[in-house]
Amino acid sequence: MPYVAGRKVPVPQAQEPNSRSQSFPAPTGGWVSAKNLAAARMPFKLYGPPAEVLECWFPTETGIEVMGGSQLYATIATAAAFECESLFEYVGASSVTKMFAAGGGEIFDITTPVDNETPPAASVTGQATNYYSTLNFATAGGNYLYAVTGTDDPQLHDGTTWTAIDGVSTPAITGVTTSSLSQVNAYRNRIYFVEGGTMNVWALPVDSIGGAAIQISLAGVFQLGGSVLFTATWSLDSGSGLDDKLVIMSTEGEIAVYQGSDPSNPADFSIVGVYSCPAPMGKNAFIKAGGNLLIATVDGLIPISEAVTKDKAAIGLFAVSRNIAPDWIFDARQRRSIPWEIVKWPTRQRLIISTPSTGDDNVTPPWCYVVNSTTGAWCKRPGWGARCMVLHDDSVFFGNNSGQILRMEVTGYDNGSIYYPTVVMSWTDLGIADYQKTVIAMRAQFVVSAEINPQLSVSTDYTISLPTPPSAPAISSSASLWDVGLWDVALWDVGVEENPYNTGWVSVNQSGYSIAPQLQMASGSQANPGAKLVNMSMLYEVGEIMI
């Protein structure tokens, strides 16, 4: 203590201010539902902070960005509405591509529709089912597309015409009833077919689209019953070569792995092993990712590299979808009656998984799961009722239960409807669990290329409560979208320049012991909102311990 006139004078001790601030970086770790709500640390690796809710926001390496909307591209349903059950692409010589949709017993060429509401003339008619497995395959004779259902004769497209393939067609497949062929794949320059509802796989001669089929029987290999669902190629590197293996999966989740190139020669074609994992979600519910094969199952998105080394009971702990395991498992059981699909969008760093609605939006609302293929961070995209999907000309399209085909990630509308990007950060007690906190104000920092109208709030004490979402911002007449904006009126460079945007402090006044900052927006414009959240901050006061 200092001396004043020969005596000690007490100096007051500095008091910790009652008002404090806290910063919350954007949740680049993505949506995480598989965690203890009150845990300070995550039990598994994340790329950054997690979120309790992340809808219509895509987690990147530097922040989260608002996902684009969806735009009607084509319609195949006539007056008697039916579902679009399959989308697939033909790839010809010189990268010539076509896109096809299937529904109502017909196949439609939707590469260049006259308009987005008039169904085109059918290219193929009289089909009994519409859920296809397809394969593009090139031979010395040209580039072909095979499409099979397991009910109808396979359809072969040569870039111009479709041909139904049977035992006497040109080309022909002999040795098997062709209408039973339900899935198609290529391995070591051969086409492999699954015979639906059986334990049989059939292989064609090398570099051929027809010929005498060679039978591969899985009877005695698979022990859990069911039937073969699909075959796929598993490469230990990112390409194709001598290390490639043939994966055969059953409806019950058994996996047989074969190596070799000639299935008619036991010395050159042998089984590596038989493994077990959860049941798959459909014959198109797998995707190649680098040197791995990812399979959508009832317990998660499983890498085959884990399926062949881990026990079935523990494999869910190693799923790519581990972060959202409770939601994935619940949805898999609610939506299993319709097959799931996966599409990879390399230029956008996205894997998109369809979780089809069964028709009752109150029970199975329309949404997709989306994961960043680089960081493994997840988000949910409500509003996309994807029954089937395809990547075509670097855009992803999906077909819905109304016979419509929509393009993903374009415009700021979902087919004319407003959608609401929402983020709820993970719960925090701010390091003082036993003290009540009152959030006074919040602000958010963005990088934007268009006008936005964010709404900030908090939820408290582990109960998410979102206020009514904000209205979409007014849209300037100069807002532009190719094929929509008016010539000499629309500004084609609008939305290109990105600028920092700070909401300023917004009053909140909400109290609780545990806090979850949250942000809602409304998107309803012709142009993509182009907003990236960088950070949220809040001012709060600390109360007393209540006993």
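Below, all heavy atoms of this structure are taken into account, side chains as well, without hydrogens, waters or symmetry copies.
- Pairs of residues two or more places apart, or lying in two chains, that qualify as side-chain hydrogen bond (donor to acceptor under 3.5 Å, both in side chains) and include a residue from residues 386-397 are Glu89-His392, Thr97-Asp393, Trp345-Asp394, Thr347-Asp394, Arg387-Asn401.
- Qualifying side chain to side chain donor-acceptor pair (under 3.5 Å) partners for Ser250, counting only residues two or more places apart in sequence or in other chains: none.
- Looking at Asp461 and Trp427, their side chains never come closer than 4.5 Å, going by heavy atoms from C-beta outward.
- Side-chain contact check for Trp328 versus Thr355: every heavy-atom pair is 4.5 Å or farther apart.
- Looking at Glu65 and Arg350, a side-chain N of the basic residue comes within less than 4.0 Å of a carboxylate O on the acidic one, giving a salt bridge.
- Annotation for Ile452 and Ala531: closest pair CG2-CB, 3.9 Å, computed over non-hydrogen atoms.
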Worked check of side chain to side chain donor-acceptor pair (under 3.5 Å) between Asn415 and Ser70: CA-CA 5 Å; Asn415 196 21; Ser70 59; over 6 Å; no

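- Of the possible polar contacts, none joining the Lys344 side chain to the Leu351 backbone as a donor-acceptor pair under 3.5 Å is found.
- Side-chain contact check for Leu456 versus Thr503: some heavy-atom pair is nearer than 4.5 Å.
- Checking side-chain atoms of Asn400 against main-chain N and O of Gln404 turns up a donor-acceptor pair under 3.5 Å.
- Separation of atoms CD (Glu55) and CD (Gln520) is listed at 10.0 Å; rounding is to 0.5 Å.
- Judged by distance alone, with hydrogens and angles left aside, the side-chain atoms of Ser19 form no donor-acceptor pair with the main-chain N or O of Glu541 at under 3.5 Å.
- Using modelled atom types, one side-chain atom of Asn136 and one backbone atom of Val91 make a donor-acceptor pair closer than 3.5 Å.
- Remark: the Asn116 side chain and the Thr75 side chain contain no N/O donor-acceptor pair separated by less than 3.5 Å.
- Within the 4.5 Å cutoff, the side chain of Ser514 has no heavy atoms near those of the Leu430 side chain.
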Criterion side chain to side chain donor-acceptor pair (under 3.5 Å) on Thr364 and Ser357, from CA distance to verdict: CA-CA 5 Å; Thr364 55; Ser357 173; 3.3 Å; yes

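- Between Phe286 and Phe230, the two ring planes are parallel [angle under 30°; tilted spans 30° to 60°].
- Listed by chain and residue number, Tyr90, Phe100, Asp109, Thr111, His157 satisfy the side-chain contact (heavy atoms from CB on, under 4.5 Å) test with Lys98 (two or more places apart in sequence, or in another chain).
- Side chains of Gln349 and Thr374: a donor on one and an acceptor on the other come within 3.5 Å.
- Within a 6.0 Å sphere centred on NZ of Lys380, other residues, nucleotides and ligands contribute more than 12 heavy atoms.
- For Phe397 and Tyr73, the distance between ring centers is under 6.0 angstrom.
- Using modelled atom types, no side-chain atom of Glu52 and backbone atom of Trp31 make a donor-acceptor pair closer than 3.5 Å.
- Without hydrogens or angle criteria, Thr438 side chain to Gly512 main chain gives no donor-acceptor distance under 3.5 Å.
- Relative orientation of the Phe446 and Tyr501 rings is tilted, given thresholds of 30° and 60° on the angle between their planes.
- Using the six-membered ring where Trp is involved, Phe398 and Trp384 have ring planes that are tilted, between 30° and 60° apart.
- When Arg333, Lys312, Arg322 are each tested for a salt bridge (Lys or Arg N to Asp or Glu O under 4.0 Å) with Asp299, only one passes: Arg333.
- Formation of a donor-acceptor pair under 3.5 Å by the Asn453 side chain with backbone atoms of Ser471 is found in this model.
- With sequence neighbours excluded, the residues forming a side-chain contact (heavy atoms from CB on, under 4.5 Å) with Cys84 are Ile76, Leu87, Ala101, Cys388, Ile405, listed by chain and number.
- A cation-pi contact, defined as under 6.0 Å to the ring centre and within 45° of the axis, links Arg381 to Tyr419.
- Residues forming a side-chain contact (heavy atoms from CB on, under 4.5 Å) with Ser86 (at least two apart in sequence, or on another chain): Phe88, Ala102, Tyr131, Tyr132.
- Remark: Ser337 engages no residue in a side chain to side chain donor-acceptor pair (under 3.5 Å) (not counting sequence neighbours).
- A donor-acceptor pair is defined here as one N or O able to donate and one able to accept, closer than 3.5 Å; such a pair exists between the side chain of Thr297 and the backbone of Gly300.
- The closest donor-acceptor contact from the side chain of Lys532 to the backbone of Val448 lies at 3.5 Å or more, if one exists at all.
- In summary, the side chains of Gln518 and Ser459 do present a donor paired with an acceptor at a separation below 3.5 Å, with no hydrogens or angles considered.
- Using a 3.5 Å distance cut-off with no hydrogens or angles, the side chains of Ser507 and Asn509 do pair a donor with an acceptor.
- No donor-acceptor pair closer than 3.5 Å links the side chain of Asp414 to the backbone N or O of Ser417.
- Ser426 approaches Ala51 most closely through the heavy-atom pair OG-N, 3.9 Å.
- A 6.0 Å sphere centred on OH of Tyr462 holds more than 12 heavy atoms belonging to other residues, nucleotides or ligands.
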